[in-house]
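Okay, so here's the structure we're looking at.
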Amino acid sequence: MKALEVIRAALADAAARLGAPACAVELERPRDPAHGDVATNLALTLAKSLKQKPRAVAERLVATLQLPQGLVRKVEIAGPGFINFVLAEAQLASVLESVLAAGDGYGKGDRGRGTRVNVEFVSANPTGPLHVGHGRGAALGDAIASLLEWTGHAVEREFYVNDAGVQVDKLARSLWARVQQAVGRRADIPEGGYQGDYLVELAHTVLEREGRRFADLAEEEGVRRCRAIGVESQRREQDEDLREFGVRFDVTFSESQLYRDMLIEQTLADLAARGCTYEQDGALWLRTTAFGDDKDRVLRKSDGTFTYLLPDIAYHRHKHERGFTRAIDVWGADHHGYVARMRAAMQALGYPADFFHAEIVQLVRVMRGGEEVRFSKRTGEFVTLRDLYQETGVDAARYFFLMRRGDSQFVFDVDLAKSQTEENPVFYVQMAHARMSGIFRVAGREPSAVSPEGVDLGALDQPEELALLKELADFPDLVAGAAAALEPHRITGYLENLARIAHAWYHKFRVLGEPEEAARLVLAAAVRQVLANGLHLLGIGAPDRM
RNA sequence: GCGCCCGUAGCUCAGGUGGAUAGAGCAGCAGCCUUCUAAGCUGUUGGUCGGAGGUUCGAAUCCUCCCGGGCGCACCA
């Protein structure tokens, strides 16, 4: 809405003429409609530097303020010194033109132009099926990436595969044991190995494909083959899940590539050249305490092997070399202890403090039939992501993962996600979209064919209609704020609010056959568009009928 | 013991980076269908924002301490 920028500029100008130091003018939309359409706390923030009471500053600001005709209907000073603006009706309705002209692009901005951001998420070990926690990370990472795209950043979605560590070794030995069991031999799953039934099935598949002689291979050869087969198989399963869940990655990066391309050695050399490493007790240490970590960290153990940290540093160094200005990682809460050392390592390499950002996502608990569904990766009993989205549908699962802050502990209520009533927020929002679509279906018109041109939008004067106009006008700023904070849940909250007003409006007023039909069709088309944009931004469908 | 996150209505959670009388959904209570989807709408009950200090014109929001919950504190990954 351009009116906001005009007001902002006028306020800045007035402040300057009062001799105030330059500062950002904050505009907000008051919660209470009695406080106008736009408000600013400028007088309160300037009071101190001008050495005057906030209300006195407000009065001088208003007296000095120069606004073009026809923009604002009323300016008031209220409370401790807020300046409230009531916009002219024509200004409110102008948002409809913006929405319909921009269409699918309404809400997009370009604050991030010129910035390349890497968003890494899920990055599950290739050792088993994705579980519900990965689902939360997938939904969140994908939505964060979309938010950044909507604000003009160039984004790459990336999945990191730990295919070189001890976990895949355990996978290989577990699978080998299952192969032995499948041909009737005694074999134990190794300590800390993978107990899940999926490896029993995979063992049978392997024997069918390779023949029973596969089980007679020498152990080391068998384990080696099992490693490749296991990783390949689990990666394929995970990709299938993610694809069905609506998540697509631009890049899959393997840990083994770090070794192949000598990136580990280069990273070590870099860190050493910057004077950030030292040897002690036969190990090589990184001086992370110089950058805010609690203690220094080992990079190369005294037995000559590397810790997990070093390949991770090398990986993130590689992201920097690829030209990203920011690297955002979505990590499970069980990794939050790594944030400080990784951030320190990035600074040790000389990167800006804001290059690396870890977004921590808390674990998910699943509730069904009023009881918590327990899961444990160790025993192989767990709720897989696939089970979940097959039961609730992808839209509901994604929405539920996104409707809470990532750092809040979250209980996924399966029964609620499946319910097709107003209690279920995703249904509620989609229903609002379907209802708007229904109007056009009955009218026999395409929503996209609706234009505000020549329509008397002044007919939209009911409280629900004015509330909808303001809500629609908020969307671009909301997206920008959600992107800056990396908080997709702001979008779901907004959608529920918009849907609620839309339902109330729909219920209270008819569109077709009324004198206000033309104007209300424009409003319905715009509401439908913004609901769809918000849902699509989160990777959720916007059905025309339910 | 140390670090990070969290604590807001009976329940699940918002609270837009310090603003106006703390909000929504669910649950509860009372109502609403000759209509473009009642798969919905309207009204209403409900609060010491975990506690105590502090910062300032102003604090759920910032700082300190305490209480309670989760997670993490390896030459594991």
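Numbers restart at 1 for each chain; the letters A, B, ... are given by sequence-line order, proteins then strands. None of the values given here were measured: they were computed from a predicted structure.
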Base of C75(B) paired with side chain of S302(A) (donor-acceptor, under 3.5 Å):
yes

With syn defined as a glycosidic torsion within 90 degrees of 0 and anti otherwise, which applies to C33(B)?
syn

Heavy atoms only, 4.0 Å cut-off, all strands: where does H489(A) land among base, sugar-phosphate and nothing?
sugar-phosphate

Once the angle between the rings of F356(A) and H316(A) is folded into 0 to 90°, is it parallel (under 30°), tilted (30 to 60°) or perpendicular (over 60°)?
perpendicular

If each of R300(A) and E487(A) is mapped to the nucleotide of RNA chain B with the nearest heavy atom, which maps nearer the 5' terminus, i.e. the 5' end?
E487(A)

If you look at every strand shown and take non-hydrogen atoms under 4.0 Å, does D294(A) touch a base, only sugar-phosphate, or nothing?
nothing

Under 3.5 Å on both distances, the Watson-Crick or G-U partner of G19(B)
C57(B)

Please evaluate residues R300(A) and E279(A) with respect to the criterion salt bridge (Lys or Arg N to Asp or Glu O under 4.0 Å), reporting the C-alpha separation (whole Å), side-chain torsions for both, the decisive distance (0.1 Å), and the verdict.
CA-CA 9 Å; R300(A) 191 183 58 221; E279(A) 298 230 20; 3.5 Å; yes

Give D281(A) one of three labels, base, sugar-phosphate or nothing, depending on what nucleic acid heavy atoms sit under 4.0 Å from its own.
base

Describe the nucleic acid contact of V166(A) in one word from base, sugar-phosphate, nothing, applying a heavy-atom distance below 4.0 Å.
sugar-phosphate

Tell me whether the centres of the aromatic rings in F121(A) and F159(A) are closer together than 6.0 Å.
no

Anti versus syn assignment for U12(B), with syn defined as within 90° of 0:
anti

Any donor-acceptor pair under 3.5 Å between the side chain of N497(A) and the base of A14(B)?
no

Base, sugar-phosphate, or nothing for N84(A), non-hydrogen atoms under 4.0 angstrom?
base

Rounded to whole angstrom units, what separation is found between the CE atom of M431(A) and the P atom of C36(B)?
12 Å

Can you say whether a donor on the side chain of H336(A) sits under 3.5 Å from an acceptor on the base of G72(B), or the other way round?
no

Do R227(A) and D169(A) meet the salt-bridge criterion of a basic N to acidic O distance under 4.0 Å?
yes

Under 3.5 Å, is there any donor-acceptor pair linking the side chain of N41(A) to the base of G19(B)?
yes

Does E487(A) come within less than 4.0 Å of R490(A), counting only side-chain N to carboxylate O?
yes

Determine the contact category for R435(A): base if any of its heavy atoms lies under 4.0 Å from a base atom, sugar-phosphate if only primed atoms, P, OP1 or OP2 are that close, otherwise nothing.
sugar-phosphate

From C-beta outward on H507(A), which listed nucleotide comes closest to its side chain: U37(B), C41(B), C75(B)?
C41(B)

Atom CD of Q280(A) and atom P of C75(B) are separated, to the nearest Å, by 11 Å

Spacing of the C1' atoms in C76(B) and C5(B) (rounded, Å)
23 Å

For C41(B), give its Watson-Crick or G-U wobble partner with both distances under 3.5 Å, or none.
G31(B)

How is A283(A) classified with respect to the nucleic acid when contacts are heavy atoms under 4.0 Å: base, sugar-phosphate, or nothing?
base

Counting the atoms with a prime plus P, OP1 and OP2 as sugar-phosphate, which does F440(A) contact under 4.0 Å by heavy atoms, base, sugar-phosphate, or nothing?
nothing

Interatomic distance, NE2@H489(A) vs CG@D407(A), rounded to 0.5 Å, equals 8.5 Å

Electrostatic pair R441(A)-D544(A), nearest N-O below 4.0 angstrom:
no

Which residue, Q167(A), K170(A), R173(A), forms the side-chain hydrogen bond (donor to acceptor under 3.5 Å, both in side chains) with Y194(A)?
Q167(A)

Which whole number of Å gives the distance between the P atom of U17(B) and that of A60(B)?
16 Å

Taking the inter-plane angle between the rings of Y278(A) and W285(A) on a 0 to 90° scale, is it parallel (under 30°), tilted (30 to 60°) or perpendicular (over 60°)?
parallel

Please classify the nucleic acid contact of G481(A) as base, sugar-phosphate, or nothing, using heavy-atom distances under 4.0 Å.
nothing

When the C1' atoms of U8(B) and A59(B) are compared, how many Å lie between them, rounded to an integer?
14 Å

Taking the C1' atom of each, how far is U44(B) from C26(B), in whole Å?
15 Å

Determine which nucleotide pairs with A74(B), using a 3.5 Å limit on both distances of a Watson-Crick or G-U wobble pair.
none

Regarding A340(A), tell me which of base, sugar-phosphate or nothing describes its non-hydrogen contacts under 4.0 Å with the strands shown.
nothing

Spacing between F306(A) atom CZ and C75(B) atom P, to the nearest angstrom:
16 Å

Work out how far the P atom of C2(B) is from that of G58(B), and round it to whole angstrom.
34 Å

Has E446(A) got more than 12 heavy atoms of other residues, nucleotides or ligands less than 6.0 Å from its CD?
no

Less than 4.0 Å between a side-chain N and a carboxylate O, is that true for E465(A) and R520(A)?
yes

Sugar-phosphate only, base, or nothing, as touched by H503(A) at under 4.0 Å among non-hydrogen atoms
sugar-phosphate

Once you apply a heavy-atom cut-off of 4.0 Å, does K295(A) come out as touching a base, just sugar-phosphate, or nothing?
sugar-phosphate

Dump every N/O contact between nucleotides 23-31 of chain B and the protein below 3.5 Å, one line per pair.
residue	atom	partner	partner atom	Å
A24(B)	O2'	R500(A)	NH1	3.4
C26(B)	OP1	E422(A)	OE1	3.2
A27(B)	OP1	E423(A)	OE2	3.4

Which value, in whole Å, describes the distance between the C1' atoms of nucleotides G28(B) and G15(B)?
25 Å

Can you tell me the base-pairing partner of U64(B)? Count Watson-Crick or G-U wobble geometry only, both distances below 3.5 Å, and say none if there is no partner.
A52(B)

Looking for any heavy atom pair under 4.0 Å, which part of the strands does A39(A) touch: base, sugar-phosphate only, or nothing?
base

What integer number of Å spans the P atoms of G16(B) and C6(B)?
13 Å

Between the protein and nucleotides 43-45 of chain B, which nitrogen or oxygen pairs are less than 3.5 angstrom apart?
none

Write down the distance separating the C1' atoms in C4(B) and C41(B), rounded off to the nearest Å.
45 Å

Partner nucleotide, any strand, of U12(B) [Watson-Crick/G-U, under 3.5 Å]
A24(B)

Heavy-atom nearest nucleotide on RNA chain B for P30(A) versus R510(A): which residue maps closer to 5'?
P30(A)

Strictly below 4.0 Å, N to O, side chains only: are R297(A) and D293(A) in salt-bridge contact?
yes

Send over the distance from I360(A) CD1 to C71(B) C1', rounded to a whole Å.
10 Å

